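Note that the structure is predicted; figures quoted are calculated from it, not measured. Order of the sequence lines fixes the chain letters, A, B, ..., with proteins taken first and strands second; residue numbering starts at 1 for each chain.
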Amino acid sequence: MAGGGSWKLPEPRRAGPPFFTRSQVASVLHQVGVLLELQGANPFRIRSYANGSRMLGSLTADLGELVASGELIEVKGIGKGLAGGISQAVEQGVWPEDWVALHEGTPAGLIEMLGIPNLGPKRIKQLHEELGLDDVEALQGAAESGEIAPLDGFGEKSQSKILSGIELLKRFNARRRLDIGMRYGQAFEEKIAALEGVEKATLAGSTRRRLETIGDLDIVVAVEAENHDDVAQAILGLSGIADVKGAGDSKISLILDTSLFDEGFTLGHIDANVLEAIGGEAYEQLESSGTIDAQVRLVSPRAFPYTLAYFTGSKEHNIRLRQRAIERGLRLNEFGLIPEAEAGDLKGQEAAKFSLPAKDEAEIYAHLDLAWVPPALREDMGEVEAAEIGGTGLPNLVCMNSIHGALHNHTVLSDGQATLEQMAEAAIRLGWDWLGISDHSQSLRIANGAIAEDLLAQGRKISTYNAQWAEQGINFRLFHGVESDILEGGKLDYSDEVLGQLDHVIASVHAITKWSNRDEMTNTEELIKCLEHPATTILGHPTGRILQGRDGFPVDMHAVLRAMAELRADGQVKFVELNASPYRLDLDWRLCKYAKELAIPVSINPDAHSVGGLADIHYGVEVARKGWLSSEDVVNYMRAEQLGEVLN
DNA sequence: GCCGTTTTCGGCCCGACTGTTTTCAGTCG
């Protein structure tokens, strides 16, 4: 769930029902859940709001229709109470009183405090009630002047942990992007795996699940009991460790810094407007002196698959697996899968002696009558049902080998750093069959957008190269397109005559401020209007979000995708972009599955502004996998000939 | 607040670590 956004209840924007969209209601439920936590409400009641929000978020049916037909209550996780509140809001435009009271009665600063590590709702509540602390600034002041340590249940350590937690929150908003997590995680995993006595070391957690942002790193290490202490010592002696936060028998908590990278740490080229959104040069400074938290778990080789599965998560996926275990008279935890009848009252590792054996994760899933679920899919978004023996089956996920090219890339004609020739050579070196060139359009002055004349000249150059490659028997071709800004009223940036000469047109929103300040309905309608233009082939970075920088503009992406599906049914070529830049990863993976259901091909695009930028495609593939996409679902799998025919 | 082939009450996933305690609560994953 995106943080930072408004915690006000949305106002109804229309004259008649439905007054609110599905995404608005889902986000309100999430907020109510968090606010209830801060009130110290029943934890199970809190969970039902969180569940309700998640269920609504993954729902593809139209919420207005569900409410009108009374089917809302049929949705699993939505009972009488939630359905009543949701229906009232959707039909009458009025939020339930208790939800309003929660929003009005909770200072926004308390929500912000939840972002501080090791500080949860109970203690925030206590701090608020006993010291009257309303926001992070006040909390910091109180901690600095020593007012917190004397409180019941607090102490000197808690007080200083709060201060360092605040610092972390301010530095990184407490979460990091996937690319940062993968770089640190894979480097540390390799170092641990190379230690003597280590049987296996595997990166787990949200990084293994390829979530777009991650909290901290989890690394599970298999080691025999007799080597346990030596390995633990060896890990503590590795380079890259800035601080040791704690070390128990099974868990070591560390802070890593960039000295982990033997070859140094650089960010590479960042697109100018992206850089601006995440804090400009200050961000680059921050990241190069950055740190990341890591937990290392040492376990026996026998327990390793269970611990790996457990710490890969997600929490929701684990809960589903445990429920399946319970139905089968088994107890599932990080040590094993234990028959209740044999373990009796034994706990933890003692009980684990009775565990069913599993040499890898696949055997754990098999014990629960499931096929192995790829980590990226473990979000309780339908993967458990699909993995059931006799279920619909899990998708055969796309991989890097499926990629034969990508359509959205820039050159020096607009704001790219490499020439057309350099980009083509780089694509050939990657083993690609084709590459799409799509520089910025003329209105986007800040990115040196190309005037029609220059754009068409680029097209003639591309035709010449294509002819040469064909003559020489080289299996490579360029597609000539443009990334057209979406102008007022959903218009494209060139005349139809110019657009007609291009292979593909990527329509993207760049006037982010304007779109962010408009309501969801208007944005949705304008996007659809632009897509209805016959020349538009691809919707580029659909919401304009910059991870850790800014939220996307409000838009009902489900409705946009449905409109695209209808246009496709009429025979028009419409793809949706999954922008592979690790700063964007937009289309969100949660929507990829919906695009797939609607049979809209997803175009994974590095949006490369340099030769090196093409490599970002890798993050797009990871996220596409998370979104259930197989090779057949992505444009990049097509061979040049087939793509040429489709675009024609 | 949700749920039900133990169905309208009484459950709701489970364990480690930390810091505060003297048997445990809060937080995290």
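If you take CG of A:N318 and P of B:dG15, they are 13 Å apart, rounded to a whole angstrom. The distance between atom CD1 of A:I162 and atom C1' of B:dT20, rounded to the nearest whole Å, is 13 Å. Rounded to whole Å, atom P of B:dC3 lies 12 Å from atom CD of A:Q323. Rounded to a whole Å, the CZ atom of A:R54 is 15 Å from the P atom of B:dC2. The distance between atom CG of A:L127 and atom P of B:dT27, rounded to the nearest whole Å, is 9 Å. Rounded to whole angstrom, the span from the CZ atom of A:R45 across to the C1' atom of B:dG10 amounts to 18 Å. Rounding to whole angstrom units, CD of residue A:Q126 and P of B:dG26 are separated by 8 Å. When the C1' atom of B:dC28 is taken as reference, atom CG of A:L217 falls 15 Å away, rounded to whole Å.
Taking 3.5 Å as the limit, the base of B:dG15 and the side chain of A:Y310 contain no donor-acceptor pair of atoms between them.
At a threshold of 4.0 angstrom between heavy atoms, the contacts of A:A351 with the nucleic acid are absent. Here A:G313 lies out of heavy-atom contact (under 4.0 Å) with every strand. Among the heavy atoms of the strands, none lies under 4.0 Å from A:Q295. Residue-level contact check: A:L119 touches the backbone only, with heavy atoms under 4.0 Å from sugar-phosphate atoms and none from bases. No contact: A:D152 has no heavy atom under 4.0 Å from any strand. When heavy atoms are screened at a 4.0 angstrom cut-off, A:S250 is found touching the sugar-phosphate backbone but no base atom.
The side-chain heavy atoms of A:R208 and A:R378, taken from C-beta on, include a pair separated by under 4.5 Å. The shortest side-chain heavy-atom distance between A:R590 and A:E212 falls under the 4.5 Å cut-off.
Ranking B:dT27, B:dC14, B:dT18 by closeness to the A:R123 side chain, first place goes to B:dT27. Of the candidates B:dC12, B:dC14, B:dT20, B:dC12 carries the atom nearest the A:R47 side chain, counting heavy atoms from C-beta on. Comparing atom distances between the A:D98 side chain and each of B:dG1, B:dC17, B:dC3 picks out B:dG1 as nearest. For A:S48, taking side-chain heavy atoms from C-beta onward, the closest of the listed nucleotides B:dC17, B:dT27, B:dG1 is B:dG1. Considering only the side chain of A:I326, B:dC14 comes nearest among B:dC14, B:dC28, B:dG1. Among the nucleotides B:dC2, B:dG29, B:dG15, the one closest to the side chain of A:D216 is B:dG29. Which of B:dG29, B:dT18, B:dA16 sits closest to the side chain of A:K161 comes down to B:dT18. Between B:dC3, B:dT27, B:dC2, one nucleotide has an atom nearer to the side chain of A:P121 than all others, and that is B:dT27. Proximity note for A:N42 (side chain, C-beta onward) versus B:dG29, B:dG1, B:dG19: the nearest is B:dG1. Each of B:dC2, B:dG29, B:dG15 was ranked by its minimum atom distance to the side chain of A:D218; first place goes to B:dG29.
Using atom P as the reference point in both B:dT22 and B:dC28, the two lie 24 Å apart (nearest Å). On the P atoms, B:dT6 is 28 Å away from B:dG1, given to the nearest whole Å. Comparing the C1' positions of B:dC2 and B:dT7 gives an interatomic distance of 13 Å, to the nearest angstrom. B:dT8 and B:dG15: their P atoms are spaced 29 Å apart (whole Å). As rounded to the nearest Å, B:dA16 and B:dG10 have P atoms that lie 31 Å from one another. The C1' atoms of B:dT23 and B:dT18 are separated by 15 Å, rounded to the nearest whole Å.
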Identify all pairs in which a protein N or O lies below 3.5 Å from an N or O of nucleotides 22-24 of chain B, and state each distance.
none

Under the side chain to side chain contact (heavy atoms under 4.5 Å, CB included) criterion, do A:L59 and A:R22 qualify, and how do the steps go? CA-CA 8 Å; A:L59 210 63; A:R22 196 183 46 86; 4.2 Å; yes
Evaluate the salt bridge (Lys or Arg N to Asp or Glu O under 4.0 Å) criterion for residues A:R209 and A:E379: first the C-alpha distance (whole Å), next the side-chain angles of each, then the deciding distance (0.1 Å), finally the verdict. CA-CA 9 Å; A:R209 298 201 318 280; A:E379 300 288 348; 2.8 Å; yes
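Near DNA chain B, meaning a heavy atom under 4.0 Å from it, residues 202-213 of chain A has no residue at all.
Taking the six-membered ring for Trp and thresholds of 30 and 60 degrees, A:H558 and A:Y594 have ring planes inclined between 30 and 60 degrees apart. Taking the six-membered ring where the residue is Trp, A:H317 and A:Y365 present tilted rings, their angle falling between 30° and 60°.
A donor-acceptor pair under 3.5 Å is absent between the side-chain atoms of A:E129 and the main chain of A:Q126, judged by distance alone.
Contact annotation: A:N118 side-chain N/O to B:dT27 OP1/OP2 distance is not under 4.0 Å. Between A:K157 and the phosphate of B:dG19, there is a side-chain N or O to OP1/OP2 separation shorter than 4.0 Å.
Using Watson-Crick or G-U wobble geometry with both donor-acceptor distances under 3.5 Å, B:dT8 finds no partner in any strand shown.
Atom CD of A:E226 sits in a crowded spot, with more than 12 heavy atoms from other residues, nucleotides or ligands closer than 6.0 Å.
Atom CG in A:L56 sits 13.5 Å away from atom NE2 in A:H30 (nearest 0.5 Å). Atom CD of A:E361 is separated from atom OG1 of A:T202 by 8.5 Å, given to the nearest 0.5 angstrom.
Remark on DNA chain B: of its neighbouring residues A:K122 and A:G246, the 5'-side contact belongs to A:G246, judged by nearest-heavy-atom nucleotide. For the pair A:A83 and A:G120, nearest-nucleotide mapping onto DNA chain B gives the more 5' position to A:A83.
Not less than 6.0 angstrom separates the ring centroid of A:Y310 from the ring centroid of A:F335.
Of all heavy-atom pairs spanning A:L377 and A:R625, the tightest one is CD2-O, 3.4 Å.
Applying the ring-ring contact (aromatic ring centres under 6.0 Å, His included) rule to A:H103 yields no partners; only residues at least two apart in sequence or on another chain are considered.
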